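Everything on this sheet refers to the single structure shown next.
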Amino acid sequence: MDVHFMNFIYHYKNMRWAKGRNETYLCFVVKRRVGPNSLTFDFGHLRNRNGCHVELLFLRYLGRRLSYSITWFCSWSPCANCSAALSQFLSRMPNLRLRIFVARLYFCDMEDSHEREGLRLLQKAGVQVTVMSYKDYYYCWQTFVDRKKSHFKAWEDLHQNSVRLSRKLNRILQPCEMDLRDAFKLLGL
DNA sequence: ATTTTCAAT
């Protein structure tokens, strides 16, 4: 079952003030080894339900089956709790590669937000976290949305917003170790 | 300048 194109656009829109996105979509591709020389791909999508975040629902969906690599595209980046749960899950699955693409950053405005810490934890656990760019939207449209035959049409500012969010994520993941005073000293000010 | 956020009604 595909994501309705209207839902996709609404929930994955990477606008600055995404009012009313009180729901999170997760589109996934799970790659598994089914034999010595063959792989299988599972495609699908999930939404949060009954107060359970979609990442935890995904882990439940995955179950104990052995996977090789997982790529997902989420409308929000994970909360602190989900990041911790995912990191813990991955520590028990050393051969599993997880790549997470996100449309928007969830509660990452404050320097000391737990969500920022969570993203760094994921990075430390070997997860590749990336902000969705045009090509990722295009791929999702072709892969998960019910209007595959139509062309994905970017909204105004998609690229600009993606770049802004990407820079923000980079600042979160590569925190400058140097504090302001040291920076001034280095600059001779 | 400021605006939102895996709801709660």
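Note on naming: letters A, B, ... go to the chains in the order of the sequence lines (proteins, then strands), and numbering restarts at 1 for each one. Please read all numbers here as calculations on a predicted model, not as lab measurements.
B:dT5 and B:dT9 have their P atoms separated by 15 Å, with the value rounded to a whole Å.
Looking at A:Trp17, its side chain comes within 3.5 Å of the base of B:dT3 through a donor and an acceptor atom.
Remark: A:Met1 engages no residue in a side chain to side chain contact (heavy atoms under 4.5 Å, CB included) (not counting sequence neighbours). Here A:Lys31 pairs with nothing under the side chain to side chain donor-acceptor pair (under 3.5 Å) rule; sequence neighbours left out. By the side chain to side chain contact (heavy atoms under 4.5 Å, CB included) test, A:Asp109 pairs with A:Lys168, sequence neighbours left out. Not counting sequence neighbours, the partners of A:Leu57 by the side chain to side chain contact (heavy atoms under 4.5 Å, CB included) test are A:Arg49, A:Cys52, A:Arg60.
In this structure, A:Leu169 places its CG atom 21 Å from P of B:dT5, rounding to the nearest Å. Counting to the nearest Å, the C1' atom of B:dT5 and the NZ atom of A:Lys168 are 11 Å from each other. Rounded to an integer number of Å, the gap from A:Asn161 CG to B:dT3 P is 17 Å. We find that CE of A:Met110 is positioned 12 Å from C1' of B:dT4, with the value rounded to whole Å. What separates CZ of A:Arg16 from C1' of B:dT5 is a distance of 13 Å, to the nearest Å. Protein atom CZ of A:Arg164 is 11 Å distant from nucleotide atom C1' of B:dT4, rounded to whole Å. The nearest whole Å value for the distance from the CG atom in A:Asp109 to the C1' atom in B:dT2 is 12 Å.
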Please tabulate the protein-to-nucleotide N/O contacts below 3.5 Å involving nucleotides 6-9 of chain B, giving atom names and distances.
| residue | atom | partner | partner atom | Å |
| --- | --- | --- | --- | --- |
| B:dC6 | OP1 | A:Asn22 | OD1 | 3.3 |
| B:dC6 | OP2 | A:Tyr106 | OH | 2.7 |
| B:dC6 | O4' | A:Thr24 | OG1 | 3.0 |
| B:dC6 | O3' | A:Asn48 | ND2 | 2.8 |
| B:dC6 | N1 | A:Thr24 | OG1 | 3.2 |
| B:dC6 | O2 | A:Val54 | N | 3.0 |
| B:dC6 | N3 | A:Glu55 | OE1 | 3.2 |
| B:dC6 | N4 | A:Glu55 | OE2 | 3.0 |
| B:dC6 | N4 | A:Ser77 | O | 2.7 |
| B:dA7 | N7 | A:Asn22 | ND2 | 3.3 |

Compile the donor-acceptor pairs under 3.5 Å between side chains in residues 88-101 of chain A and protein atoms, sequence neighbours left out, one pair per line.
| residue | atom | partner | partner atom | Å |
| --- | --- | --- | --- | --- |
| A:Ser91 | OG | A:Gln88 | O | 2.6 |
| A:Arg99 | NE | A:Thr71 | OG1 | 3.2 |
| A:Arg99 | NH2 | A:Thr71 | OG1 | 3.1 |

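Judged by distance alone, the side chain of A:Tyr137 and the main-chain N or O of A:Tyr12 form a donor-acceptor pair under 3.5 Å.
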